[in-house]
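See structure below.
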Amino acid sequence: GTSKEESNGIRVQRRFLDADGMPVDAASLEQGGLYVVCLAFEDRSGGLDNVVVEDLLPAGLEIENPNLKTSRVMGWLASKATLVPLNADIRDDRLILFTGPLSGSSEYYYAVRAVSRGKFTLPAVMAECMYDPGIKSVQGAGTVMVGGGRQAVDGQRSEVRVAGPSNGHEHLAAERL
């Protein structure tokens, strides 16, 4: 089923970007393509604490392994990422963040790869105060389309690190050339 979109005290929104930080339409992703997900948060209650964020991915996307070695850094992210989570549970199909105090606006970035062709349901991204469930946001349900993608050249692989604030969680991605 689908979740009713709502925002009470906090708003979270998801955007898809290419490796250069340009917006991309989730309805026109390429199989094998590397993308960056930006989760944007807006505190609407004058200061929040202990927020849990759950971003479930559609079947055609996977979160890139953050433990890969790097050869190229996405330097544009270093100045953009402003949310430093207390903990990030990163799995193939979802990202779960646990935050400390939040106020104003902040952003968190992570890399995904379009792995399977097809039309997939994009679940809503959810944010909720753990100790005040009335403060929550459910936004961004929709559809993702993954079409034919780029072909690998001689099986070459380049790796990309998604740079952000120093918090012990490096977000890395690998991209076939």
> For the residue pair Arg15 and Ala40, what are the closest heavy atoms and their distance?
Replying inline: NH1-CB, 4.1 Å

>> Set out, in order, the CA-CA distance, both residues' side-chain angles and the distance that settles salt bridge (charged side-chain N to carboxylate O under 4.0 Å, His left out) for Glu30 and Arg117, then state yes or no.
In response: CA-CA 8 Å; Glu30 293 182 12; Arg117 289 187 204 187; over 6 Å; no

>> Let me confirm one number: the CZ-CG distance from Phe98 to Asp89, rounded to the nearest 0.5 Å.
In response: 6.5 Å

>> Tell me whether Glu5 contacts the main-chain N or O of Gly140 through its side chain, where contact means a donor paired with an acceptor under 3.5 Å.
In response: yes

> So do the side chains of Leu34 and Glu64 get within less than 4.5 Å of each other, counting heavy atoms only?
Replying inline: yes

> Is the side chain of Asp25 donor-acceptor paired with the backbone N or O of Ser28 at a distance under 3.5 Å, no angle test?
Replying inline: no

> With distance as the sole criterion, is a donor-acceptor pair present between the side chains of Tyr131 and Asp49 under 3.5 Å?
Replying inline: no

> Taking side chain as C-beta onward, heavy atoms only, is Glu6 less than 4.5 Å from Lys136?
Replying inline: yes

> Is the closest side-chain donor-acceptor distance between Gln31 and Ser116 under 3.5 Å?
Replying inline: no

> Hey, quick one: are Val37 and Val115 part of the same hydrophobic cluster, counting side-chain heavy atoms closer than 4.5 Å, chains of contacts allowed?
Replying inline: no

> Do the side chains of Pro58 and Val144 get nearer than 4.5 Å, heavy atoms only?
Replying inline: yes

> What about Val24 and Val125, same hydrophobic cluster or not, with Ile/Leu/Val/Met/Phe/Trp/Tyr joined at side-chain heavy-atom distances under 4.5 Å?
Replying inline: yes

> So how far is it from Leu86 CG to Asn50 CG, rounded to the nearest 0.5 Å?
Replying inline: 7.5 Å

>> One pair to check against side-chain contact (heavy atoms from CB on, under 4.5 Å): Leu57 and Leu122. What are the steps and the verdict?
In response: CA-CA 6 Å; Leu57 293 181; Leu122 178 63; 5.5 Å; no

> Stepwise, does the side-chain contact (heavy atoms from CB on, under 4.5 Å) test hold for Thr143 with Phe120?
Replying inline: CA-CA 6 Å; Thr143 301; Phe120 305 99; over 6 Å; no

> Step by step, would you call Leu61 with Leu29 a side-chain contact (heavy atoms from CB on, under 4.5 Å)?
Replying inline: CA-CA 10 Å; Leu61 301 182; Leu29 303 180; 3.9 Å; yes

> Tell me, do Ser7 and Gln139 make a side-chain contact under 4.5 Å, heavy atoms counted?
Replying inline: yes

> Where do Arg94 and Asp55 land on the salt bridge (charged side-chain N to carboxylate O under 4.0 Å, His left out) test, with the steps shown first?
Replying inline: CA-CA 6 Å; Arg94 72 189 67 207; Asp55 192 11; over 6 Å; no

> Should Leu102 and Val52 be counted in the same cluster of Ile, Leu, Val, Met, Phe, Trp and Tyr side chains packed under 4.5 Å apart?
Replying inline: no

> Closest heavy-atom contact between Asp43 and Gly47?
Replying inline: OD2-N, 2.5 Å

>> For the CG atom of Leu95 and the CG atom of Leu39, what is their distance to the nearest 0.5 Å?
In response: 6.5 Å

> Got a second to check how far Cys38's SG is from Tyr108's OH, nearest 0.5 Å?
Replying inline: 11.5 Å

>> Donor-acceptor pair, distance only, cut-off 3.5 Å: does the side chain of Ser137 make one with the backbone of Val12?
In response: yes

> Is any side-chain heavy atom of Asp92 closer than 4.5 Å to a side-chain heavy atom of Ile63?
Replying inline: no

>> I need the Ser105 OG to Arg11 CZ distance, nearest 0.5 Å.
In response: 11.5 Å

> Step by step, would you call Leu17 with Tyr35 a side-chain contact (heavy atoms from CB on, under 4.5 Å)?
Replying inline: CA-CA 6 Å; Leu17 309 171; Tyr35 300 94; over 6 Å; no

> When you measure from the side chain of Ser106 to the backbone N and O of Thr82, does any donor-acceptor pair fall under 3.5 Å?
Replying inline: no

> Heavy atoms, side chains only, cut-off 4.5 Å: are Val36 and Asp18 in contact?
Replying inline: no

> For Arg44, does the CZ atom sit with more than 12 other heavy atoms under 6.0 Å from it, leaving out its own atoms?
Replying inline: yes

>> What's the separation between atom CG in Leu48 and atom OG1 in Thr99, rounded to the nearest 0.5 Å?
In response: 7.5 Å

> Under 4.5 Å between any side-chain heavy atoms of Phe41 and Val53, yes or no?
Replying inline: yes

>> Do Pro23 and Phe16 make a side-chain contact, defined as non-hydrogen atoms from C-beta onward lying under 4.5 Å apart?
In response: no

